[in-house]
Amino acid sequence: MSRKRKSSEGLNENPKKAIKLRPDLSEITAVIVEVGLGKTRAEILANQLARRGGKRIKQLDSSATHVLIDKKLSVERVKKYLCVKDIPKEVAVVDSDWLSTCLSEGKLVAVDEYILREVKSSDTASACELRKSRVEEIVSDVGGEEVEHSESFNVDVGMGTGGETTGTSTVFSRSPVKYSVVGLQDRSGDDGSDYTDSGDEESKSDRSPVVSPNVSPEKLQTTLVCTQASTSNQGNHNQFITDKLQVLATAYANTKDQWRALGYKKAIASIKNYHKKLETWEECNNLPFVGERLAKKIWEIVQTGHLRRLDHVDPKQDAINLFVGVWGAGPTAAETWVSQGLKTLQDLKNHGKLTRQQQIGLKYYDEFLERMSREEAGKIEEVVKKAALDINPGLEAFACGSFRRGKPTCGDVDIIVSHPDGKSHEGVMARLLEILKSSGFLTDDLTLAENGMQRKYLGVCKLPGENTKHRRLDIIVVPYNEWACALLYFTGSDYFNRSMRLLAKNNGMSLSEHSLNTGVIRKGNEKIFEGTPLPVCTEKDVFDYLGLEYRGPHERDCGKVGVISCRRRDGLVFLEEMSYICVKEDEISLMCNGTRYDRHEVPLNYKDSKFWIYLGTYLGLVLFAGLMSGLTMGLLSLDVLSLKVLQRGGKPIEKKYASKILPIVEKHHLLLVTLLLANAAAVESMPIFMDRISTPVIAIVVSVTAVLLFGE
DNA sequence: TGACAGTGGGT
DNA sequence: ACCCAC
DNA sequence: GTCA
Ligand SMILES: O=c1ccn([C@H]2C[C@H](O)[C@@H](COP(=O)(O)OP(=O)(O)OP(=O)(O)O)O2)c(=O)[nH]1
Ligand SMILES: [Mg+2]
């Protein structure tokens, strides 16, 4: 909301400026060469270009008008990078500064100054002229026109009804129909901010085949409950919504940015979790992880049964999704291939440039997308386990991942290997692979098996027999002192891990497959000091340190994606600071991946201001305890008689004190009881506070010595 | 406006 | 440094 | 994309 307000305000207040700063680049289709420019900068330029109507393409083709490169780059290198023999004359090879200048000047600047094409005798002149005239055309074209719509129009499409009339009524004239359908860019209405998102990831094309749309919700509801079976809590009442959103989620994951995709995923999980069919706008808008924009999309689906947005996905998207399915290929590789005109796996096999891993991924494309039965995973586990025991009967080997979580199907088999003696795990990997390979069980390596001190293996295996398929196999060999953290890590789920690690982070700790560290110091977001590993023997220890109730592997399945966040039972977000103290029992609970946890205490560290509070109270307690025991001894050793003597016959000061103390001492056991109680209370509560700023053992030791020194 | 997990292998 | 994966 |  605030964004929209901002931009329209800006428009009203200073229309000239708004227009001036927005050159129309719609005639420009440019290849931006990242080499020398840097990926981030290239992307900023690309975003700006797209935002002003221009188009960036990855591969030089007939639609290209410009090639933007860093000025230090030789044209020869550019050719090599683009995999072309020659760059057509009509295409201007220009310094990327040209675009920057255009943007800052707010208009198209003559390109001449920026041309970087190699000077090759005669034809340069004509080429230059060609380009010049072309640019002039563009410039004149833009001179008469207004700007802005494509963007405000976009906003309206994205926001549904949200766009206020002020913008649309004043600005229209040219039909904006070509709202840049570039991929999935559904950009926010704010100006200025070039989002340099640069990160791509988040879920490879979600492999479950997208369920065909438009199944009657009623049907789904009934069928779902019985088909979904045991594992899920109660089934998805809104599949017709989540399916649609899922399309966008994977599209974003496979192309643009992981974070938008993450947003979608959380929202989808949230919807799946909802106990009933979504009916009112209120319901939509109150879902956790569903904000204004998604609420509108959801609401549109609820009302119309359709999401217009889905009609505008980039046609290339299908091919991209297809290619991201090959193991070892991500959004970048996929886009490269697509932009080279590749469309099918056949194309890829024949003409694509693949890494070694991707070749294997392609070879087993179908098999890798399949999930195996739990039973088969168990067999694979046995094979590996046997091989391990052959090496050393003391070795332990267990299948983790989805198998350990009890899932009915497994996408791969993840096996952890270690030895309780803490040493014998060394060198096991190589020997293990040797055995498994010689038996023909392992068919391909995705990681090179060359390195001697290897801890992680990714490969392909196949059970002996006729109708068996190639399966992905992951093996890790870990030192036994890391067993718990490694087991926790390898069991997942991935989102469970991420949640837990985030929780650790928010408490000044850091959780990895190696260890749980405390006392981590971060400056901003980067780690300054790694912290020190906490002693962790079992998975449960990690839960304990984090103040979580233990969850068995079967309960770590977060079909629900979610951030660990703290909420009150009554639903109010009490905000942050996991170190909040429970005053009333059970009042504080933890919401993780859609399920709640009650928390006990959490270790603190000096990063927290609370740490000092605890330290302070601790010291206070020590002194207090000392005072108490001192008083106990002192006061009780005085007898009433001598005090009375003092009261009468002592110096004036002594008299005064004596009469003050006397009434206290006279209530003899009352005094004793209070003192003892106070002392006991102080002493007892010391370790409680100490506990939270240190490990228990240390806490006890320190407490005891402190009491000895100051108290007794 | 910045964070959304933390790590390791491959190129 | 980037991409991709667990 | 959402949240704080
Ligand atoms: O991004 C990730 C991916 C995986 N893991 C951990 C948790 C996961 O359980 C384990 C094994 O990874 P895998 O990809 O095999 O996931 P899975 O849980 O076993 O599911 P699948 O059935 O697809 O194999 O590695 C992470 O911590 N982060
Ligand atoms: Mg797995």
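Within every chain, numbering begins at 1; the chains are lettered A, B, ... in the order of the sequence lines, protein sequences first and strands thereafter. The structure presented is a predicted model; accordingly, all values stated were derived computationally and were not measured.
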What is the distance, rounded to the nearest whole Å, between atom [atom1] of [X] and atom [atom2] of [N]?
X	N	atom1	atom2	result
A/Lys456	B/dG10	NZ	P	9 Å
A/Asn497	B/dC4	CG	P	16 Å
A/Lys297	D/dT2	NZ	C1'	13 Å
A/Leu511	B/dA5	CG	P	12 Å
A/Ile360	B/dG10	CD1	P	11 Å
A/Gln359	B/dG10	CD	P	15 Å
A/Asp257	D/dT2	CG	P	13 Å
A/His514	B/dA5	NE2	C1'	13 Å

Of all the nucleotides listed ([options]), which has the minimum atom distance to the side chain of [X]?
X	options	value
A/Lys505	B/dA5, C/dA5, B/dT7	B/dA5
A/Leu502	B/dG10, B/dA5, C/dC6	B/dA5
A/Phe289	C/dC4, D/dC3, B/dT7	D/dC3
A/Trp327	B/dA5, C/dA5, B/dT11	C/dA5
A/Tyr489	C/dC6, B/dG8, B/dA5	C/dC6
A/Arg501	B/dT11, C/dC6, B/dG6	B/dG6
A/Thr355	B/dT7, B/dT11, C/dC4	B/dT11

Please determine if a side-chain N or O atom of [X] lies less than 4.0 Å away from the OP1 or OP2 oxygen of [N].
X	N	result
A/Arg522	B/dG6	yes
A/Arg472	C/dC6	yes
A/Thr332	C/dC4	yes
A/Lys527	B/dT7	yes
A/Asn506	B/dA3	no

Inset, instruction - Determine the Euclidean distance between corresponding P atoms of B/dG6 and D/dT2; express it in Å to zero decimal places. - result: 23 Å
Legend entry - Same-atom distance (C1') from C/dA5 to B/dA5, integer angstrom: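 These two C1' atoms come out 14 Å apart once rounded.
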For the pair [X] and [Y], find out whether any cationic side-chain nitrogen is under 4.0 Å from an anionic carboxylate oxygen.
X	Y	result
A/Lys296	A/Glu292	yes
A/Asp366	A/Lys469	no
A/Arg556	A/Glu539	yes

Applying a 4.0 Å non-hydrogen cut-off, can you work out what [X] is touching in the nucleic acid: base, sugar-phosphate, or nothing?
X	value
A/Ala333	sugar-phosphate
A/Asp494	nothing
A/Phe490	sugar-phosphate
A/Asp412	nothing

Inset, instruction - Report yes or no: does A/Asn507 contribute a side-chain atom to a donor-acceptor pair with the main-chain N or O of A/Met509 at less than 3.5 Å? - result: no
Legend entry - Which residues share a side-chain contact (heavy atoms from CB on, under 4.5 Å) with A/Arg356, sequence neighbours left out: A/Ile360, A/Leu448
Inset, instruction - For A/Lys353, enumerate each residue passing the side chain to side chain donor-acceptor pair (under 3.5 Å) test, keeping only those at least two apart in sequence or located in another chain. - result: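 Testing A/Lys353 for side chain to side chain donor-acceptor pair (under 3.5 Å), a comparison that skips the adjacent residues, returns none.
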